[in-house]
Amino acid sequence: MFVPCDRGGDSASSDFKGSTLLVPAVSVGNVGQLAADLVISTFDMTKVGYFYTDCLVPMVGNNPYATAEENSMELSINAEVYSLPSKKLVVLQIRSPFIKNKYRPFCQTLLSWVKSSKCARVVLLSSSHAYQRDDEQLLGTPLRYLLTPDLEKAVGGLMQELNWKEMEKVAAYPGINDTEKVLHIPGGGITKLLFTESCSKGIQMAVLLKFCSEGDNIPDAFALVNYLNEWLQLIKSEVNTSSQWKIPSSWRLLFGNGLPPALF
Amino acid sequence: MATFFGEVVVAPSRAGVDDEESAEEACEETPEDREIRRELKKKREIDVLWTLKSGASSEGSAGEAFVCSKFIIAMGHNAAAFLSSFILDSVCWEVVGVVKLWNEWCRTSNTTNVLPTDSFCLFYRLISDPTVFLCQCSCYVAEDQQFQWLEKVFGCMRKEGLQVTILSTCPVADYKTQESTLTLPSPFLKALKTKEFKEQVCCPLLEQPNIVRDLPAAVLSYCQVWQIPAVLYQCYTDVIKLDTVTIEAFKPLLSSKILKSLVKDVSESTKILKKLLTTNETHNNIYI
């Protein structure tokens, strides 16, 4: 459930009507979450609430977007909501994996919150195993999109203009029957479930995903935010957009501590 | 996935959901499977048994909520032993509750006569001030049980005027720092506090990119969301078993506002610490 930070005061900070909601899927390489971190960090988004749930593994830490001593002491939990009213942008950041068998209840809770908060549309940032690509997918762009029917009506044309590639369906029974096609997003976590549920619930959702493998996924995160930016134009894209995304301070030491000097 | 050397390995997916498998499982689940799942879920349920003033035991949810001004929770053997050595005694404190749980790593029972190396979760109340509660949780509370623990324990407490202190330990190898952890003088304390906690902390705050997990994280998250002042003191140590050096690393807390008034006699503490050491050795064998 969504719990606002500011209980008293005005509820303007948690009024998401008409906003674009960015949600990362916990997926291969954590690319969606890294991309969400970049958006929150670059625009210095304000934390407006928590997504309190028993479906995610608990974790806490100090402010991952701290820029100075003064703002480094605010506690962060595993699922938090950030807002940028000037761009009508809301981000739900998810920082830990699902507890076993809890991903379905989480999807239900998330989608019912999406409906009740009256967000205009949801953009799900995700990724899929690069090694599962077929011969055609190995060539060209590793970025894909999906739109629910309700959003297709609104922005389908724009995707054509941007020359984006829609996520291909694969044969349900490869080698046996190639006519029946299904959506298959290996390594995408709850992406497929959220997407199919959104289709049936009339939610305007777009899925933006990148094919990648586990490893140093920072470049993948940059690729995904730049992809998102082609559509939403959060940063003006005349100049080199990659250099304009701000890496959060918590991205330090991703690959371990320093080495003991005695090793050499 | 293929590695650089050309071998194909099965990489664990951070996605956490083998979606295709789970979908198939859901379709193929027989009534027997569902029954087994239900039984397992029941077996993993946590029971919080409170002993009321009259001495009768009751389930946590029945009856009125306790008024609680201070709740001190020690998680893990060393933190629990710290409280046993420096705070708890049988004269000033009474046992008021116990948690019964089972998971793959441990099982607790409702006995209150426990050794420092046992798995147990007990609640105590200060006799002279029944709003002060203390918990020693020396058992592993699994991921899927943490939320239950929270709801069943905090569900019995009135939140107004409540302040929570959590003591916990974790391996120093988990500490992320620019230097190597080999050169760090461990054990050392780091703190995390909720927005509402306005008092002085007894040690430096835990810097990013370090995080805290498991039950301490669950309790602190709960307090942050529901605006309860709370502080977590995490001791980073390189000893996994009961160890007096690790226990003594918590000593700076004895001068904190919350614990200052609860500290017992120093000579008592030294005696208990010595006893702990011998108890520990009895349980040692040739394997470290």
Side-chain angles (χ1 to χ4, degrees), chain A residues 3 5 7 25-30 50 52-54 57-64 66 72-78 95-104 127 129-131 184-193 213-214 248-254 256-263, chain B residues 1-3 8 11-20 22-23 26 37 41 142-148 150-151 173 175-184 192-195 197 201 205-227 230 232:
Chain A
V3 181
C5 286
R7 300 292 203 282
V26 179
S27 56
V28 56
N30 303 95
Y50 309 99
Y52 187 62
T53 170
D54 63 339
V57 171
M59 71 128 278
V60 288
N62 271 333
N63 184 8
S72 66
M73 296 182 302
E74 173 135 358
L75 197 69
S76 270
I77 68 166
N78 57 5
R95 301 195 171 98
S96 61
F98 294 108
I99 290 175
K100 200 169 161 64
N101 298 322
K102 287 286 196 173
Y103 68 93
R104 277 181 200 278
S127 54
H129 286 309
Y131 68 81
H184 184 51
I185 310 177
I190 55 171
T191 304
K192 183 176 157 182
L193 180 61
S213 301
E214 297 282 351
S249 50
S250 56
W251 282 20
R252 290 173 54 233
L253 304 172
L254 280 174
N257 290 347
L259 297 167
L263 195 63
Chain B
M1 75 170 207
T3 67
V8 176
S13 169
R14 290 181 214 180
V17 171
D18 285 322
D19 37 7
E20 303 307 320
S22 304
R37 217 187 264 275
K41 199 172 168 188
E143 260 171 25
D144 58 310
Q145 296 172 317
Q146 286 158 12
F147 195 80
Q148 261 192 77
L150 269 182
E151 294 287 305
Y175 185 68
K176 290 207 162 76
T177 172
Q178 198 61 46
E179 318 135 29
S180 155
T181 49
L182 283 179
T183 51
L184 282 175
L192 278 177
K193 59 189 170 100
T194 63
K195 197 167 178 184
F197 188 84
V201 291
L205 290 180
L206 184 64
E207 326 79 4
Q208 274 286 347
N210 289 288
I211 57 169
V212 170
R213 298 168 222 258
D214 293 327
L215 194 60
V219 175
L220 209 61
S221 301
Y222 181 92
C223 293
Q224 174 75 353
V225 172
W226 303 115
Q227 297 180 334
L232 160 67

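Chain letters run A, B, ... following the sequence lines, proteins first and then strands; every chain starts at 1.
Ranked by heavy-atom pairs under 4.5 Å with chain A, the first of B/Thr194, B/Val212, B/Asp214, B/Leu220 is B/Val212. Ranked by heavy-atom pairs under 4.5 Å with chain B, the first of A/Pro64, A/Ser249, A/Ala25 is A/Pro64. Ranked by heavy-atom pairs shorter than 4.5 Å toward chain B, the options A/Asp54, A/Asn101, A/Ile99, A/Ile77 are led by A/Asp54.
The minimum heavy-atom distance between B/Ala218 and B/Gln146, with the atom names listed, is CB-CB, 4.2 Å.
Looking at B/Glu143, the atoms closer than 4.5 Å to chain A (heavy atoms on both sides) sit in the backbone and in the side chain alike. At a 4.5 Å heavy-atom cutoff, A/Ser76 makes no contact with chain B through either its backbone or its side chain. Heavy-atom distances place the side chain of B/Leu150, and not its backbone, under 4.5 Å from chain A. Contact of B/Asn210 with chain A is made through the backbone alone, with heavy-atom distances under 4.5 Å. For B/Gln148, no part lies under 4.5 angstrom from a heavy atom of chain A.
A/Asn63 contributes atom CG, which lies 8.5 Å from atom OG of A/Ser250 (distance to the nearest 0.5 angstrom). Rounded to the nearest 0.5 angstrom, A/His184 NE2 and A/Lys192 NZ are separated by 7.5 Å.
Checked by atom type and distance alone, the side chain of A/Asn62 never pairs as donor or acceptor with a backbone atom of B/Leu192 at under 3.5 Å.
Test B/Leu232, B/Leu206, B/Leu205 against B/Lys193 for side-chain contact (heavy atoms from CB on, under 4.5 Å) and you get one pass: B/Leu205.
Between the side chains of B/Gln224 and A/Tyr52, no donor-acceptor pair of N or O atoms lies under 3.5 Å.
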